[in-house]
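Data block below; observations after.
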Amino acid sequence: MCLAVPLRLTEINGTDAVAERDGVSRNIKINFIKEPMVGDYVVVHAGFAIEKLKNEQAEENLEAWKALEEALGETAP
């Protein structure tokens with residue numbers, strides 16, 4: 001099973017982008033996302049953004065991840 005965490009787009013250059021969560025940035029591809037914009041939240045799998053999320057949905061998901069990490073005694077990557 002694979003779990004994906006929402007990342008926020010911080011830079012876009014064609015089909016390449018940089019996305020981040022909690023200060024950790026990743027280079028990703030955005031080929032499958034319609035009209036991506038800096039500030040959008042996306043779900044990333046295997047280095048590709050596969051879905052754009054509404055801000056409310058992304059924030060709820062991030063809060064759930066934080067609660068899970070706290071319960072497990074882990075820190076965000």
Side-chain angles (χ1 to χ4, degrees):
M1 179 169 71
C2 182
L3 300 175
V5 177
L7 302 177
R8 187 175 54 84
L9 296 176
T10 58
E11 297 177 33
I12 296 175
N13 184 17
T15 59
D16 296 321
V18 177
E20 71 92 19
R21 174 185 175 225
D22 294 331
V24 177
S25 296
R26 303 194 188 287
N27 294 317
I28 65 168
K29 295 287 192 178
I30 52 174
N31 305 51
F32 306 126
I33 302 297
K34 289 185 180 180
E35 301 177 18
M37 298 180 69
V38 169
D40 285 347
Y41 282 96
V42 293
V43 174
V44 178
H45 176 71
F48 286 86
I50 57 173
E51 181 181 2
K52 191 187 309 188
L53 299 174
K54 293 182 179 181
N55 286 353
E56 302 82 30
Q57 182 182 8
E59 290 167 8
E60 287 177 13
N61 290 354
L62 289 170
E63 287 300 318
W65 273 103
K66 287 179 185 176
L68 177 62
E69 290 167 345
E70 288 174 9
L72 295 174
E74 298 179 4
T75 58

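Model, not experiment: these values are computed from the prediction.
Across Pro6 and Leu62, no two heavy atoms sit closer than the pair O-CD2, 3.7 Å. Leu7 and Arg26 get closest at one heavy-atom pair: CD1-CD, 4.4 Å. Considering all non-hydrogen atoms of both residues, Glu35 and Asp40 come closest at O-OD2, 4.0 Å. Counting all heavy atoms, side chain and backbone alike, Val18 lies closest to Ser25 at CG1-CB, 3.8 Å. Across every non-hydrogen atom of Gly39 and Arg8, the tightest pair is O-CG, 3.6 Å. Residues Thr10 and Glu20 share a closest heavy-atom pair of CG2-CG, 3.4 Å.
Glu51 CD to Gln57 CD: the interatomic distance, rounded to the nearest 0.5 Å, is 6.0 Å. Leu68 contributes atom CG, which lies 12.5 Å from atom CD of Glu63 (distance to the nearest 0.5 angstrom). Atom CD1 of residue Ile33 and atom CG of residue Leu9 lie 8.0 Å apart, to the nearest 0.5 angstrom.
The pair Asp16-Lys29 meets the salt-bridge criterion, with a side-chain N (NZ, NE, NH1 or NH2) lying under 4.0 Å from an Asp/Glu carboxylate O.
Not one N or O on the side chain of Lys66 forms a donor-acceptor pair closer than 3.5 Å with the backbone of Asn61. Side-chain N or O atoms of Thr15 include none that pairs as donor or acceptor with a backbone N or O of Ile30 at under 3.5 Å.
Residues Leu72 and Glu69 fail the side-chain proximity criterion, which asks for heavy atoms closer than 4.5 Å. Tyr41 places a side-chain heavy atom less than 4.5 Å from the side chain of Asn55. The shortest side-chain heavy-atom distance between Val42 and Ile28 falls under the 4.5 Å cut-off.
Transitive grouping of hydrophobic side chains (ILVMFWY, heavy atoms separated by less than 4.5 Å) brings Val44 and Val38 into a common cluster.
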